[in-house]
Amino acid sequence: MIKMILKGWIHEIRDLGGIKFLILRNREGLHQIVLPKKKVSKDIFDMVSTLNKEDVIAIECEKRDSRAKDFEFEYLPSKIKILNKSETPLPLDPAEKVSAEMDTRLDNRFLDLRKRKIFNIFKIRSELLKYTREFLLKEDFIEIHTPKIISTASEGGTELFPVQYFEKRAYLSQSPQLYKEMMMAAGFDRVFEITWYFRAEEHNTRRHLNESTAIDLEMAFIKDEEDIMKILENLIHYTLKKLSENCKNELDEMEVKIECPELPFKRIMYDEAVKILHDRGSNIKWGDDLGTEDEKILGRYMKENNIDYYFIKKFPENKIFYIMPDGKYCRGFDLDCNGVEITSGGQRIHDHGLLVKRIQEFGLDPENFKDYLKVFRYGMPPHGGFGMGIERFLMEILKIDNIRECILFPRDRNRIKP
RNA sequence: GCCUGGGUGGUGUAGUCCGGCCUAUCAUACGGGACUGUCACUCCCGUGACUCGGGUUCAAAUCCCGGCCCGGGCGCCA
């Protein structure tokens, strides 16, 4: 008989008197340890009664076929060693006999993460990033890391978190925008960064975090925004295909099926979107950004036409100052999925004079953008890029309705621990 | 920033609208006991809670005011 060692946590103990069942949990899943009184030593049989749920143990055992409904194999122990005890009662139940609220779960996240379904989210997240790197590296992108402690806002807009940097005031970066563009000026041509966004907005919703992650990308020598959109749709197509092929068990356990969207993704012009929205009761004015309700209406419209992923492009030129204007439109785009924005991007302005003019037109002072503007004075190629929220994307893939589920230790309006 | 909903044992809940029959429900957990094929094991016994402060009232988990904590929607965004 071959002896083997199993290590893990005690998920459950079922004591029937003359026979005991011990369910062990580890990263691979659940394993049944069976202890018939007559087939194991008295010491082991008795010591099992002293074990608590979530104790960490190592078991020397023999593997054999099981009669159990839920297990193909079971293990007959010859030795059980307690590696560490768990206290009782537990602050939440990893075996999920009773549910727990999000707040309780997050306060005890390490226990929450012992649940299979929760673990799977992060397994899939890891795979998603693996395939993202795989795809982008194959497409000749260079992975970079840029500073998260910065001296000023890189693009205005959202509020920044101030930090004390020795004797100076600094901020946490809301986006690597400026640095990505610097890398275009540096001649790297194609870069991406898997990065943190820090945003000091006091929002309190299921779709927002104050500390979130993103796949940020920038590429030079593009013709227009379509070059970027093509990379983005191919990236999404590639990662979803790989996930559906290689994460079958995790997806099955989560009862989620990944529908790999067909290429190319639907493009809808802003004008067209506004028309659809008017037909469906929205009072959006031309020039307005789409509100949350507008995005939802559009998402429903797309769903009716069997479309999950769709680009919105040709926005009015007043969207963001650094996006390339194109008549009364601009070369920015959003990628939405089921009514939620998961990416925004576009072709950037590369001409110094035009950029200064745009900054002024947006009511900003070019003096505040001196460092930013310098990059455009010594040979900046045409370029563009996007930022894709990883948690937002995961929410859509895995049909999760709270973004906090998609990050290990969420930071929101109220939570800064654990 | 604006608007809203909530807080009952370790955990998840019932009860709150319409105050009294609440000595607070149920499940799970925890402690003890019985049980040789469980698989949400089962059965018996036990332990354990009204967010805090003030007010109204003969009487407050329940009504009112304030604090603390948390959720959600909008704006903004990813």
Side-chain angles (χ1 to χ4, degrees), chain A residues 11-23 30-40 45 49-50 52-54 64-72 74 76 86-108 111-112 155-159 174-177 195-216 232 288-296 319-320 334-337 340-345 386-396 401-404 406-407 412-415:
Chain A
H11 188 71
E12 203 170 339
I13 302 165
R14 300 190 192 114
D15 183 349
L16 277 68
I19 186 167
K20 294 173 187 178
F21 297 93
L22 207 156
I23 311 300
L30 299 177
H31 310 278
Q32 171 155 280
I33 319 300
V34 61
L35 299 102
K37 196 168 194 169
K38 287 177 181 163
K39 290 196 178 170
V40 296
F45 193 79
S49 303
T50 71
N52 292 323
K53 285 180 184 175
E54 302 303 321
R64 61 183 209 186
D65 290 340
S66 179
R67 281 185 262 165
K69 269 191 282 184
D70 296 346
F71 299 98
E72 196 179 340
E74 62 188 22
L76 195 68
S86 168
E87 290 181 21
T88 59
L90 297 158
L92 64 76
D93 174 23
E96 286 183 278
K97 283 183 186 172
V98 289
S99 57
E101 292 206 328
M102 184 67 77
D103 203 42
T104 307
R105 291 175 46 205
L106 293 177
D107 280 342
N108 303 283
L111 280 175
D112 188 48
E155 46 175 295
T158 50
E159 294 293 314
Q174 50 144 165
S175 142
Q177 185 58 31
T195 185
W196 289 104
Y197 286 177
F198 302 96
R199 299 189 173 177
E201 294 293 335
E202 296 189 4
H203 33 49
N204 195 351
T205 80
R206 296 171 313 165
R207 308 184 309 283
H208 293 271
L209 292 167
N210 292 291
E211 185 182 71
S212 69
T213 61
I215 298 160
D216 240 287
L232 177 55
D288 287 351
D289 223 339
L290 305 194
T292 303
E293 194 50 40
D294 295 323
E295 288 180 341
K296 285 181 189 158
K319 195 172 155 80
I320 317 173
D334 284 351
L335 178 72
D336 283 34
C337 179
V340 178
E341 182 183 335
I342 59 173
T343 308
S344 76
F386 63 78
M388 173 160 86
I390 294 170
E391 291 82 20
R392 283 267 177 97
F393 189 34
L394 268 177
M395 278 175 86
E396 291 308 320
D401 64 6
N402 192 322
I403 197 165
R404 280 166 268 230
C406 296
I407 191 159
D412 61 30
R413 179 67 184 85
N414 297 307
R415 180 174 291 278

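Labels below follow one simple rule: chain letters A, B, ... track the order of the sequence lines, proteins then strands, and each chain is numbered from 1. It should be emphasised that the depicted structure is a prediction, and the values quoted were computed from it without experimental measurement.
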Distance below 4.0 Å between A:K38 side-chain N/O and B:G37 OP1 or OP2: no
Could you tell me which nucleotide pairs with B:C30 by Watson-Crick or G-U wobble geometry, both distances under 3.5 Å, or answer none if nothing does? B:G46
Measure CG/A:D112 against C1'/B:U11 and give the value in whole Å, please. 13 Å
Could you tell me whether A:D15 contacts a base, only the sugar-phosphate backbone, or nothing, with contacts defined as non-hydrogen atoms closer than 4.0 Å? base
When both hydrogen-bonding distances must be under 3.5 Å and the geometry is Watson-Crick or G-U wobble, what is B:U62 paired with, if anything? none
A:I215 CD1 to B:A78 P, straight-line distance once rounded to whole Å: 14 Å
Would you kindly give the CZ-to-P distance between A:F198 and B:C77, to the nearest whole Å? 20 Å
Give a yes/no on whether any side-chain N or O of A:S344 is located under 4.0 angstrom from OP1 or OP2 of B:A78. yes
Euclidean distance for P, B:G71 against B:U16 (whole angstrom): 26 Å
Any base atoms under 4.0 Å from A:R207, or only sugar-phosphate, or nothing? Heavy atoms, all strands. base
Would you mind classifying the nucleic acid contact of A:E74 as base, sugar-phosphate or nothing, using non-hydrogen atoms under 4.0 angstrom? base
Does A:R199 make a side-chain N or O approach to OP1 or OP2 of B:C76 shorter than 4.0 Å? no
